[in-house]
Amino acid sequence: MEKFTTHTGVGVPLRRSNVDTDQIIPAVYLKRITRTGFEDALFAAWRGDESFILNQPEYKAGSVLVAGPDFGTGSSREHAVWALKDYGFKVVLASRFADIFRGNSGKQGLVTGIVSQENIELLWKLLEAEPGKEITVSLEDRTVTCGELTVPFEIDDYVRWRLMEGLDDIGLTLRDEAAITEFEGTRDAWRPKTLPAKTLPKEEIVAARPVD
Amino acid sequence: MGTTLAEKLWSDHLVKKGEGGAPDLIYIDLHMCHEVTSPQAFEGLRLAGRQVRRPDLTIATEDHNTPTLDIDLPIADKTSRTQVDKLRENAKEFGIRIHSLGDADQGIVHVVGPQLGLTMPGMTVVCGDSHTSTHGAFGALAFGIGTSEVEHVLATQTLPLKPFKTMAINVNGTLPKGATAKDIILAIIAKIGTGGGQGYVLEYRGEAIRNLSMEGRMTICNMSIEAGARAGIIAPDETTFEYVKGRPHAPEGEDWDAAVEYWKTLKTDDDAVFDTEVDLNADELEPFITWGTNPGQGLPLSADVPSPEDFAEESDREAAVNALEYMGLTPGTPLRDIEIDTVFLGSCTNGRIEDLRAAAAILQGRKKADNIRLLVVPGSARVRLQAEREGLDKVFLDFGGEWRNAGCSMCLGMNPDQLKPQERSASTSNRNFEGRQGKGGRTHLVSPLVAAATAVRGTLSSPDDLEDAPAALA
């Protein structure tokens, strides 16, 4: 993962609350087996609308999304993070994020900064008054700067450290492999295992057919 | 001071306490995989030269994009077929048990785990699917994860996590006739909002919860995520033990006794303190439905479509304006007057045998309204077999409905079961997001009883609205 310290890019005001991951990327785009190439799927349903913010030329190159509360609710699909990243977003700012989305973002190097709703409103006004205006996000200082305005954002200390160091989670956990093995040795024997597989007797499943 | 159930499960699975702001390392007892959120995780393992640490704690099935018709033929949609083939290849390469389309144990992961007896009290359960919270109904700590975390669990059988906050949801009183577990959870989400549970494990408690079957408890825990919660949990009791006993992977003999002895300790101490408590009185509940485009936009069926001015918060007003426009609804319209095109009975929320029985009891001897398409999709192949043994398939077919093979189906419209633009559904699933059931489709979330009554009348209805309302209602 790339290290993240500071980013400056075009801010995109998305005046919507409860942007769920079905809006960020509809399910029909989840059938790919790659981890990249999802940029066309981002906000797919809204991209068809000419007035949608990312269809306005000034915002097209956006890399800092400023969204309403409860961003990323619903489905756990990490594709939502991949789509935002593939489009070019490095940061999402909102007053509240859904937990799974925020966790997924942290794993993928997308910064999710929690900014108070009052400050989100200020950022929206600045970005709408001057479309294409740039925002600077400093992970080091935990600040967002837009013109004369500088506001703080919150992010978990550990996630911030990992993003700034660009560290891979699995590698970190595997340093504790001995502790995992030791823990496994303490488990009760009756705890279920999927193997060897046990099932009720096999039965034939009849395929349903289309009705006319 | 005592501890809550969720905290007990946390400490029971603590491999290593995090220091200096680092997360705790938590052991995972059961990891379920499906075709949509796993391919990139397996690819990650392959690229890093890593193995699956515990194939014997991992299981896979095919559910999200699989067709519910012609399942004996190659999957017509090429990208879906590729994804399913990829899961089969990955399962083979990494030695993971898989229940594929056509197998009697295939179905929605959250229906399959409990029915195999793999979901038990006291476990940690994860899956790359937000509705993993379903398994909390057994007194397990169960939550959805993203694909990076799927890879993490495959490689290490653990997850680095910060402790969740705890919220008690006390549902006291007795559910009136015609109100169900689905109405409880829709009312809770409307009360605390789609972000109300963020960072929390919700522990559902109280008389109305104790009186629910395991199916009803699963419906409630399933939708915890729609309130933004990490997980939902219900302390195990005799109802739970009875459900688990005798299932294929349930412990036997002395193991069973040892397990039950442990399971009986799994409850919140009397002197434990939750970070937050919410109360709901079940006595006053009536059938609940959603009118908008997030699961928090719900009202009793007897209400009218709300107006944006009814909301105090600016963001709620804006959300209501957007929702009303998308849903094509006019404020002041009685919800009961809303005409429906498709009724979807199924999903990990309400696709279990009890849900099908409840709906069939209402549909028995009736015919569908002319404007209605009824799609019945059992949650698993075993549910389908059981329903057929009970003759429920005949009830649905005689009524004019379609009887399909198992899968997620129209809940998320990844397979051909989708709404057309502006088509309106009454759906027993869990999400009414824009386009969730098909681009431009409009979803009203309902209980199986409301779904059935709606299929009879053609407008949003409860069983009480039917002439000769059936006497034996759940």
Side-chain angles (χ1 to χ4, degrees), chain A residues 15-18 20 22-23 26-28 30-35 45 68-70 73-78 81 96 98-100 103-104 107-108 117 156-158 169-170 172-174 176-177 179-180 183-184 188-195 197-200 202-203 205 207-211, chain B residues 15-16 21-23 25 27 29 36 39-40 56 58-59 65 69-72 79-80 83 86 97 102 104-105 118 120 128-130 144 146-148 152 155-156 158 160 194-195 198-199 228 230 248-249 251 255 258-259 294 315 319 381 385 402-405 412-414 431 433-436:
Chain A
R15 274 191 185 267
R16 274 194 177 248
S17 61
N18 267 295
D20 58 74
D22 273 80
Q23 303 318 313
V28 289
L30 308 186
K31 295 178 184 176
R32 297 172 190 168
I33 56 174
T34 58
R35 211 179 263 250
D70 298 314
T73 54
S75 158
S76 61
R77 59 189 69 166
E78 196 161 303
V81 176
R96 285 198 304 258
D99 293 324
I100 301 179
N104 290 342
K107 311 280 179 199
Q108 288 296 319
Q117 188 58 29
D156 178 85
D157 289 339
Y158 179 77
D169 247 2
I170 297 179
L172 282 173
T173 296
L174 286 174
D176 291 318
E177 198 169 3
I180 299 172
F183 182 88
E184 284 173 329
D188 304 303
W190 54 262
R191 286 185 183 261
K193 293 198 170 92
T194 57
L195 297 171
K198 300 179 195 171
T199 63
L200 294 173
K202 289 286 169 197
E203 285 185 68
I205 304 298
R209 299 291 177 214
V211 288
Chain B
V15 173
K16 190 188 170 196
L25 195 60
Y27 198 76
D29 290 325
V36 175
Q40 294 86 355
D56 60 338
T58 312
I59 188 168
N65 76 27
L69 291 170
D70 296 332
I71 61 163
D72 50 344
T79 50
S80 294
Q83 209 167 37
K86 199 76 201 166
R97 170 178 175 184
D105 291 291
L118 283 169
M120 289 181 201
D129 185 279
S130 59
T147 297
S148 292
H152 196 112
T156 71
T158 63
T194 55
Q198 269 167 28
R230 280 317 305 262
H249 283 276
D255 280 347
N294 74 57
S315 61
L385 288 167
E402 296 178 45
W403 178 239
R404 298 293 188 88
N405 289 111
L412 84 167
M414 272 195 85
R431 288 188 176 136
F433 298 154
E434 288 181 21
R436 170 80 175 179

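Computed from a predicted structure; not experimentally measured. Residue numbering restarts at 1 for every chain, and letters A, B, ... go by the order of the sequence lines.
Contact between A381(B) and I205(A) at its shortest, heavy atoms only, is CB-CD1, 3.7 Å. In terms of heavy atoms, Q83(B) sits closest to R32(A) at NE2-O, 3.5 Å. Heavy atoms only, all atoms of each residue included: D99(A) and R230(B) are closest at CB-CD, 3.2 Å. The two residues A27(A) and L412(B) have their closest heavy-atom pair at CB-O, 3.6 Å.
Contacts of R431(B) with chain A are made by side-chain atoms alone, with heavy-atom separations under 4.5 Å and no backbone atom involved. With a 4.5 angstrom heavy-atom cutoff, Q198(B) touches chain A via backbone and side-chain atoms both. At a 4.5 Å heavy-atom cutoff, the contact between L385(B) and chain A is made by side-chain atoms alone. Both the backbone and the side chain of I59(B) have a heavy atom closer than 4.5 Å to some heavy atom of chain A. Using a 4.5 Å cut-off between heavy atoms, M120(B) touches chain A through its side chain atoms alone. Both the backbone and the side chain of P248(B) come within less than 4.5 Å of a heavy atom of chain A. Contact of Q108(A) with chain B is made through the side chain alone, with heavy-atom distances under 4.5 Å. Within the 4.5 angstrom heavy-atom criterion, atoms from both the backbone and the side chain of D70(B) approach chain A. Looking at T58(B), only its backbone comes within 4.5 Å of chain A, counting heavy atoms on both sides.
E402(B) places no side-chain N or O within 3.5 Å of a backbone atom of A208(A) that could act as its donor or acceptor partner. At distances below 3.5 Å, not a single donor-acceptor pair connects side-chain atoms of K107(A) with backbone N or O atoms of T147(B).
Take D255(B) and apply the side-chain hydrogen bond (donor to acceptor under 3.5 Å, both in side chains) test, not counting sequence neighbours, and it matches no residue. With sequence neighbours excluded, the residues forming a side-chain hydrogen bond (donor to acceptor under 3.5 Å, both in side chains) with K16(B) are D176(A), listed by chain and number.
D105(B) CG to K202(A) NZ: the interatomic distance, rounded to the nearest 0.5 Å, is 4.5 Å.
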